[in-house]
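What you see is a predicted model; the values in this text were computed from it and never measured. Lettering of chains follows the sequences in order, A, B, ..., and the numbering in each one begins at 1.
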Amino acid sequence: MSRTHITCTVNGEDTDFLANPGTSLLDALRDELGLTGAKEGCGTGDCGACSVLMDGKVTCACLVFAPEAQGRNLLTVEGLSSGAGISGDHLHPLQQTFLEGAALQCGVCTPGFLVAAKALLDHNPDPTESEIRYALAGNLCRCTGYDKIIRSVQEAAVQLRSAK
Amino acid sequence: MSVGQSPLRHDAAAKTDGSIEYAGDTVPAGALQAVVVFSGRAHARMLLMSTDSALAVPGVVDIITAADAPVNEYGLTMRDQPALVGVDHTGAAAVDAAVSRWEADQIAVVIAETRAAATAGAAAIEVEWEDLPLVDNIDAALAPKAPLVHPENGLDTNAYHHLRIRKGDPDFGFALAYAVIDEVYEVPHQEHAYLQPEAGTAYIDNEGRVTIEIGGQWTSEDREQVAHVLGLPEDRVRIIYKAIGGAFGGKEDMSIQIALGLAAMRLAERGEHRPIHCRWSREESIVGHHKRHRGRIRIRLGATHDGTITALEADVDLDAGAYNYTSNKVLGNAHVSVAGAYRIPHARIDSRAIYTTTVPGGAFRGFGGPQGHFAIESAVNRLAAELGIDPVEMRLRNALVDGDDGITQTVMPEGVSMREVITACSLQAELDEALPDPEPFSPIASLPSATTSLRRGRGFAAGFKNIGFSFGFPERCEAEIVLNGNPNDETPTSAELFHGGAEVGQGAHLAMRQMASDATGVSLDDVHGHFSDTATSGDPGSASASRLTFMAGNSILGAAEEAEKAWREGDRPARGFFRYTPPPTEALDPETGTGAPNFCYGYMAQCIEVTVDVDTGHIRVDRVTSTHDVGKAINPALVRGQIEGAVVQAHGYAISEDLQLADGFITNPRFSSYLIPGIGDIPLQVDSQILEFADPLGPFGARGVAEMPFITYTPALTAAVHDATGLWFNTFPLTPSRVLGGLQAAEE
């Protein structure tokens, strides 16, 4: 099978890689680019553990073919803290509030929640609790019971608004 | 002091920036890929298997079959399962290794250059089967002349494990009763649905050990089981746990460990030394590992006019599935749980684990406790309703106290706090206040909110769960502590903690470091952990049975004391090793069930408020009060995390999780049709109430908490639904269709 050459922006950097046309974006990110933050929890778009932002939109990387990333702007969890985040090399406020708010246990769902929450706060800096639940409805967590995730997103929203 | 505080988890930053490595993430460069081939037969005898075509598939490197297993049997508590089903096996096995007893019996491991090639190779394996009769539920298994799933055990029944309790005179007890409840309860399967499916990498390490990097719950036991099949001494096998993406009991038994170990050993013998990686898809994970037991519990419970329980009879039948896994142990817990934390003078209990040709039942948070408590707590609620007694009052009247005998006719371990926990929960839940009018709600965004069809209700349940292994198991936990410093230092400057205990997400490694900090006087930041590698850490026992804080804490306290002695004698570094063993427990007498099965319990009570939409059958949980005597919260934030997480898992068990089987096959092995709670499905409010009545044996007084918030949720919920609708549900999940069906049947 001939491999396709794909050029895109990943976490703010121009990137190119080779992938088979039938390879998922998730496998390409993990296997070709070494970005293993996004996880395969189901492979069917049900759990959201593979969430990345594609031109700012939350996308299940397991449901997208790698060549569909051509020319697009991707953000993975690894990009939250490394310049794409507002605090440069430091953790993004969402990462910090998840960490301080005990909003993670096993951590496999965490990258997907962070990325989906970032997309929400980028568009809606002051979401209601219902809006947070809607925005994170595509992400499953089996450990935390979700409440601490909601509180951490609320706290990050407060911090981001006050930083502006 | 660090104990009692909630410092941040040391692994949290790496979990938020994506850098932490799970077993599915660490694929060494050049690694081979392995696919585990399932039989795809619920019950069949293999007649022939040919791997010739599969080996010819481009990219396929080798195929491991039963013929490669030196000992072709395994099992955590009984070796009743072939490692690989096959006709040509040469390895010793008590079990007939040519028979597939469930759809996910493993028959081969295909190793290839790529996953795609391995998958193609798996599809090219040719097998001829002779179908055997299905035994796909407990009724079929118990029918006269039912085919035997395990004829090799010499029994004439599929009910292979039978526990009894004979206490007092039940006929006399029921004669004393003013009211008697006699009900049959059906409990469903539950899938663990940890977010990380099984994954691992195997290789031969530089000391020649077959090494498996994976996520599990008990390093030493994984090693024992792998070594047994590989025919190796245990020290020739090494198990390393990477970050673990959830377990909940579902990673206590073997999944891909043995397949990986056999592959690494045999390929190395054939000159192929590349590491071998395997990861299961979600579908493979759901089909391929055990479940919470489904089962049926018949219970009779009698009480006098004032609510004093006089007698109990119970028959607990659990579907063990194709292999024992931990069914005999789960059954023991269900057997004791079905009597609740109550004084019961007269009792007969018969509990059976029953083989069928379906997915095995095994460990899952609560370990028999949820099944037993659903029956007894539902019965207590019904009895209270029939007697017109407040359900809290009914429980306080019967709850065990210190000095009482439990149902197994031995005195309860000291520290019984059942009454205190019930009282605290009832106060926290404000049971004396009437429920407010229902808030309009719609479960589906596109529908208008219901208003007139809403009914509110409240339910209560209480119970207990053992901490640590039971029934005479030689319970133990090992720790090593090394204190560093200069010869003239009065106190150590840093400490190293070596411990095998599994960090499955609960925060155990942080709690262990906190306890080590307090035990050594070294600040938390200077306590460095080295965890979960059989090459460097001792036997931790399992991360299960709500035992790790209790057991690891005691092992750490002992190791710190030993290290302290060495320090005072001038050793630099000063080493201390300790193997903690709690007071021994006893297997129950086979005829009477007499014995002391446990050394410690945690006590819990829950109150649940619901709104039921009687037009659609939807249930919204408005408020949960979850009260727990944890002895001592080593890290209160982690304890709250356990409570909130367990409550939501239990919510799924009670309301939405509905594993479907047809002819022995799981038909909904994916998250689109097996519905675990999402963020929009959870209770609106969860009040975690943490009580600290120190356990006399617990480290710093700690008991355990991981399972308790799960155990009483379902009976509390069904009681709340009864309060709202007047209907008792004897089975669940309470999906909208089941609730609506019940309401409609009641109208007719």
A:Glu68: side chain to side chain donor-acceptor pair (under 3.5 Å) partners, not counting sequence neighbours: none
Under 4.5 Å from any heavy atom of chain B - which part of A:Lys148: both
Side chain to side chain, B:Ile676 and A:Leu140, heavy atoms closer than 4.5 Å: yes
Spatial distance of atom CD (A:Gln96) from atom CG (B:Leu8) [nearest 0.5 Å]: 8.0 Å
A:Arg142 CZ to B:Glu191 CD distance, which is reported to the nearest 0.5 Å: 7.5 Å
More than 12 heavy atoms of other groups within 6.0 Å of A:Phe17 CZ: yes
Side chain / backbone / both / neither for B:Gln642 at chain A, heavy atoms under 4.5 Å: both
Whether over 12 other heavy atoms sit under 6.0 Å from A:Phe65 CZ: no
Distance (rounded to the nearest 0.5 Å) between B:Arg282 CZ and A:Thr44 OG1: 9.0 Å
Partner chain B: residue of A:Ala103, A:Gly41, A:Gly37, A:Cys141 with the largest heavy-atom pair count (under 4.5 Å): A:Gly41
Euclidean distance, A:Cys47 SG relative to B:Arg670 CZ, rounded to 0.5 Å: 14.0 Å
Check against side chain to side chain contact (heavy atoms under 4.5 Å, CB included), A:Gln95 and B:Asp17: CA-CA 7 Å; A:Gln95 292 170 307; B:Asp17 68 12; 3.8 Å; yes
Contact origin within B:His192 toward chain A - heavy atom pairs under 4.5 Å: backbone
Rounded distance (nearest 0.5 Å) linking atom NZ of B:Lys15 with atom CG of A:Leu114: 13.0 Å
From B:Leu195 atom CG to A:Glu40 atom CD, the distance as rounded to the nearest 0.5 Å: 12.0 Å
B:Glu439 atom CD: more than 12 heavy-atom contacts under 6.0 Å: no
Closest non-hydrogen atom pair between A:Cys106 and B:Ile244, with its separation: CB-O, 3.6 Å
A:Leu94 versus chain B, the contacting section by heavy-atom distance below 4.5 Å: neither
Side-chain heavy atoms of B:Tyr194 within contact of A:Cys143, under 4.5 Å: no
Derivation of the salt bridge (Lys or Arg N to Asp or Glu O under 4.0 Å) call for A:Asp27 and B:Arg279: CA-CA 13 Å; A:Asp27 283 348; B:Arg279 64 181 167 93; 3.8 Å; yes
Engaged part of B:Val504 at the chain A interface, taking heavy atoms whose separation is under 4.5 Å: backbone
More than 12 heavy atoms of other groups within 6.0 Å of A:Glu13 CD: no
Exercise: identify the closest heavy-atom pair between A:Leu104 and B:Arg9: O-NH1, 3.8 Å
Residues forming a side chain to side chain donor-acceptor pair (under 3.5 Å) with B:Ser281, sequence neighbours excluded: B:Glu284
Partner chain A: residue of B:Ala646, B:Ala116, B:Ala12, B:Ser6 with the largest heavy-atom pair count (under 4.5 Å): B:Ala12
CA sep, side-chain torsions, deciding dist, call: A:Asp147, B:Val686, side chain to side chain contact (heavy atoms under 4.5 Å, CB included): CA-CA 9 Å; A:Asp147 191 67; B:Val686 178; over 6 Å; no
Check: B:Asp25 and A:Arg30 side chains under 4.5 Å, non-hydrogen atoms: yes
Expected output: side-chain B:Gln196 to main-chain A:Val108 donor-acceptor under 3.5 Å: no
Leading residue by heavy atom contact count with chain B [cutoff under 4.5 Å; candidates A:Asn139, A:Thr110, A:Val77, A:Leu99]: A:Leu99
Backbone N/O of B:Pro677 and side chain of A:Tyr146: donor-acceptor pair under 3.5 Å: yes
Residue B:Ile20 versus chain A: region with a heavy atom under 4.5 Å: backbone
Considering all heavy atoms, the nearest B:Phe671-A:Cys42 contact: CD1-CB, 4.0 Å
